Amino acid sequence: MSRNVLGATALIVALGACSHDSAGIQEKKSGGVKMVTSALGQVLPGKKKAATAPQDPNALAAAALQSLQGPVIMVTFEANKATTIGAMRGQNGTMRTYQTPDQRAFVLRGGLLAGTRGFGRDLMSADTAAAGALIRAAKAGTAPRVYRYLDGDGEERPLPVSCTITPGGTVQQGPVTAQQVGEHCEGSGVRLDMSYLVAGGTILASRQWVGPGLGYVAIQQLRN
Amino acid sequence: MKRITGGIASAALLAGMGFAQTAHAQDQLTQNQLAWSIGTLGAPGVIDTPTAETFRDGELVASVSGYSDSQRGNFSFQMFPRLTATLRFSREKGLGVGGDTLKDRSFDLHLQLLKEKGWRPAFAVGLRDMFGNGVYASEYVVATKTFTPRLRASVGWGWGRLGSGGSGGGTRPAPSLSGGLNNDTWFKGPSAPFASVIWQATDKIALKAEYSDDNYTAETAANGFDNKTPLNFGVDYKINNIASVSGYVLHGSKVGFQFNIALDPRQPAAPSGLERAPVPVAPRPSRASNPQAYATDWAQDPTARPAIQKSIGDALMKDGQVLEAMKLTPTSVDLRISNETYRANPQAIGHAARIASRALPASVDTIKVTLMERGMPASTTTLKRADIERLENGPSTKIAAVAQIGESERGNRGFTQTPGVYPRLLWGIAPYLELSPFDPTTNLHADLGVTLSGRYEFVPGLVLAGALRQKAIGNLDSNPKTSTSTVQHVRSDIYEYQKNGDLTIPYLTFAAYGRPADNLYSRVTVGLLEQMYGGISGELLWKPVDSRLALGAEVNLVKQRDFDQHFSFRDYSTTTAFLSAYYDFGNGLTGELDVGRYLARDFGATISLDRELANGWKVGAWATLTDMSSNDFGPGKFDKGVRLTIPLGYATGMPSLKSFSTTLRPYVGDGGARVDVQGRLYETLDGSQQGGLYRDWGRFWR
């Protein structure tokens with residue numbers, strides 16, 4: 001009896017992933033099976049998805065510069081050290097959309113992070129104009145920022161903070177003299193510390209905050 | 001373009017800049033908050049005694065608790081921020097008639113009157129087991145105070161079971177045994193104080209103790225429950241954010257265990273979704289710098305329109321949407337899209353607008369996106385292309401302010417169908433699980449099998465759909481339960497239908513959807529409409545795009561199907577008809593009133609209320625009162641129930657129109673029953689018109 005049950009269940013689950021659409025739209029995988037496995041994954045302890053081995057960033061950067069045309073960034077998440085490459089997919093004024101090999105995206109406005117897409121707890125949008133002007137000019141001052149996220153309800157919520165920008169020392173990077181700029185933001189229950197390396201009004205590298213879910217990223221402009 | 005930095009040298013520089021790296025934003029809600037505690041009855045409580053806490057708003061908490069002589073399954077729902085409802089299925093050994101095991105259902109309400117604030121504790125009042133024989137019946141007032149982030153204590157006063165060891169108050173009146181509300185007994189009879197304390201020893205473990213004057217009188221008489229002390233002790237272990245287990249000792253006598261699952265609709269797997277990034281906007285060159293880019297002579301080229309339509313259609317298909325038709329003029333475009341991937345339609349509209357910005361000649365400065373639902377244009381969102389370029393990836397409120405959502409063009413004048421999409425065939429094989437209706441006196445029966453379903457769409461809105469089912473394994477055919485209804489068995493023969501699992505046809509219908517006039521939608525469905533009925537069903541809905549109010553009319557001429565669910569019919573046919581009013585109260589709250597004639601030829605009305613979050617969670621309740629007498633209806637007196645929909649994306653983080661839905665109906669009777677036709681108009685259109693679009697608008701740039 002129990003073997004019958006198991007056999008029938010296995011057959012049904014195997015069949016569960018089968019569908020066809022002459023227009024080629026409908027999802028292939030059975031939703032119910034996904035829902036159950038995903039729910040079980042949340043309930044059962046252990047069995048966490050193995051983190052992808054961190055790649056050597058130097059090798060990754062070199063390979064990306066060789067294979068990609070146009071502006072390229074390299075982004076490392078501080079929390080799990082995952083490093084990914086973004087190639088510019090769209091440009092709209094000073095806003096650039098960089099797409100990763102796995103079809104996610106980082107949106108930078110004048111080098112400041114203004115959005116992410118596809119990471120689950122995305123930064124939906126950010127008002128960066130005032131802070132960006134000070135940072136790129138390496139000028140001291142204060143500026144408001146507003147970050148926006150989709151909350152658990154699915155509604156967009158703003159997270160306003162107030163930021164103080166402080167220029168630091170200069171650093172020689174090969175032929176380029178770059179200036180360090182620090183930014184400290186507070187408000188809405190968060191305290192943020194971000195930092196930038198600026199040369200000639202361009203942000204070469206930075207440590208920026210994405211949001212409560214994703215933490216900080218290090219962004220390097222590999223090619224502008 | 002020049003290479004400006006190399007390697008990780010600059011990253012090292014940044015790291016060495018001396019800025020603190022420890023600042024991490026905490027989730028403000030959970031920061032330093034002692035989590036709520038759940039009692040053995042599934043409501044906020046310690047073990048047997050309640051606390052004045054609540055669950056999180058909208059949270060759904062399922063728990064199983066018990067000791068050797070008692071098993072309880074509790075479903076609690078935080079209906080409003082301060083009101084908790086609990087539905088419970090339980091077995092209590094020896095408490096039934098003649099010493100049998102009592103299989104029972106019970107219902108509790110718990111209302112927080114005051115929140116904890118400063119030095120003031122939280123206050124709550126509650127009614128346990130409000131209906132029927134009242135085996136758990138008690139009433140209480142309770143105060144709860146959090147002393148440190150790890151220590152919380154409660155004191156209260158209880159009547160009924162909670163006060164059964166107390167004194168005063170005279171005799172408590174006996175509960176009504178007819179299943180009605182026991183309001184005559186509330187706060188009557190002996191009463192006693194209770195108290196409890198919870199200490200969060202570690203992040204995972206909480207220790208609990210309580211003083212409870214529940215005498216366990218019935219259990220002592222029936223099973224020799226030994227009430228040694230009024231003190232109960234317990235421990236909670238948190239497995240993760242949604243699951244926990246507890247163990248407890250009751251009155252120094254019994255050891256019990258409890259398992260809890262808490263689903264917070266506001267904690268989806270991935271609030272912004274894991275789907276790939278949308279294609280970015282391609283802005284046009286400025287008119288000043290490149291005036292000839294804005295020329296309209298492309299419109300004279302007969303190959304231009306088909307090429308543009310193909311390009312947009314292909315890109316939309318990759319995005320999981322169908323471009324059904326397109327109307328293109330030198331200055332505007334209307335895209336008729338069928339969103340088959342994104343639960344939130346604004347996301348689909350945002351994708352279509354961005355895709356169009358990459359494919360259209362610069363002279364096209366108005367982009368209209370028309371959402372198609374079963375071939376019916378449901379709403380048209382009109383966007384200025386300049387706004388799409390200007391506001392890309394900005395706040396969703398800014399694009400909402402300039403987007404116009406209005407009635408769609410009806411008819412196909414000027415529209416070109418996208419070649420190669422229709423006729424369209426879809427089919428799939430999926431497993432199914434069918435459960436017997438809940439009945440406290442018999443065990444649950446179930447079948448597992450496969451469903452082959454198919455859909456053939458001749459053109460948008462003209463659909464042949466059917467399904468075939470084969471049971472693989474199960475015991476529904478051995479369910480001893482039969483209908484005892486004294487009226488026409490319009491629904492209560494469910495057990496007979498469920499006994500037939502071999503190659504049944506759950507439905508086989510031909511449906512036509514249309515737009516007969518402005519603000520008006522229509523549906524005609526013919527065939528085997530559902531498991532129990534076949535016939536013809538017609539519906540008309542008046543629903544202006546921007547109106548909170550919608551009105552509908554529906555007529556069904558149906559005949560009851562044979563139990564084998566093939567093509568033959570039983571000897572009962574009837575006509576049901578309804579007038580319906582729907583109202584969108586805002587904040588996701590929708591009410592519906594249906595008045596008319598039901599399947600057993602009874603007349604009456606159904607009132608329903610549904611609450612939907614922007615992430616797709618939906619909880620609703622309904623009640624139907626008809627002229628069928630409550631005796632004829634059977635237990636429960638009238639038809640009522642609750643329904644719950646959890647979108648698949650809540651669990652997976654991936655976009656999907658699929659969802660998990662369930663209906664809890666305490667009793668399947670023959671009064672107030674309706675035919676279950678697929679594709680009813682209101683639910684088909686709801687998410688595509690102004691109310692639904694604004695609710696989900698935050699995903700426009702997602």
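As the structure is a computational prediction, the values presented were derived from the model and not from experiment. By convention in this document, chain letters (A, B, ...) are assigned in the order of the sequence lines, proteins followed by strands, and residues within each chain are numbered from 1.
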Query raised in the report: Given the rule in the salt bridge (charged side-chain N to carboxylate O under 4.0 Å, His left out) test, do A/Asp21 and B/Arg424 qualify, once you have shown the distances and angles that lead to the verdict?
Result: CA-CA 7 Å; A/Asp21 172 12; B/Arg424 182 175 176 198; 2.7 Å; yes

Query raised in the report: Roughly how far, to the nearest 0.5 Å, is CZ of A/Arg117 from CG of B/Leu274?
Result: 14.0 Å

Query - Region of B/Glu275 in contact with chain A, defined by heavy-atom distances below 4.5 Å - result: backbone

Report summary line: Cut-off 4.5 Å, heavy atoms of chain B, and the answer for A/Arg109 is side chain

Query raised in the report: Quick one: CG on A/Asp151 to CD on B/Gln267, what's the gap to the nearest 0.5 Å?
Result: 10.0 Å

Report task. With a 4.5 Å cut-off on heavy-atom pairs, point out which of B/Ser272, B/Gly698, B/Gly474 contacts chain A the most. Result -> B/Ser272

Requested in this report: Please determine, among A/Arg104, A/Arg148, A/Gln99, the option with the most heavy-atom pairs under 4.5 Å with chain B.
Outcome: A/Arg148

Report summary line: Assert top hit (heavy-atom pairs under 4.5 Å, partner chain B, pool A/Pro175, A/Ala114, A/Gly118, A/Gly90) equals A/Gly118

Query raised in the report: OH of B/Tyr422 to OG of A/Ser22: how many Å apart, nearest 0.5 Å?
Result: 9.0 Å

Query raised in the report: What heavy-atom pair brings A/Gly152 and B/Asn615 nearest, and what distance separates the two atoms?
Result: O-ND2, 2.6 Å

Query - Nearest-0.5 Å distance, CZ of residue B/Arg354 to OG1 of residue A/Thr97 - result: 9.0 Å

Requested in this report: Could you tell me whether the side chain of A/Asp153 and the main chain of B/Leu613 form a donor-acceptor pair under 3.5 Å?
Outcome: no

Query raised in the report: Any idea which heavy atoms bring B/Asn393 and A/Ser125 closest together, and the distance?
Result: O-CB, 3.2 Å

Requested in this report: Mind listing the closest non-hydrogen atom pair of B/Gly273 and A/Asp122 along with its distance?
Outcome: O-OD2, 4.1 Å

Query raised in the report: Measuring heavy-atom distances to chain A, does B/Gln321 have an atom under 4.5 Å in its side chain, in its backbone, in both, or in neither?
Result: backbone

**Report entry** Pick from B/Pro280, B/Pro271, B/Gly428 with the largest number of heavy-atom pairs that fall under 4.5 Å of chain A
**Finding:** B/Pro271

Query raised in the report: chain B heavy atoms under 4.5 Å from A/Met124: which part of the residue, side chain, backbone, both or neither?
Result: both

Report summary line: Separation between CG (A/Asn92) and OG (B/Ser357), nearest 0.5 Å, reads 8.5 Å

Query raised in the report: What part of B/Pro395 is in contact with chain A, defined as an atom under 4.5 angstrom from a non-hydrogen atom: side chain, backbone, both or neither?
Result: both

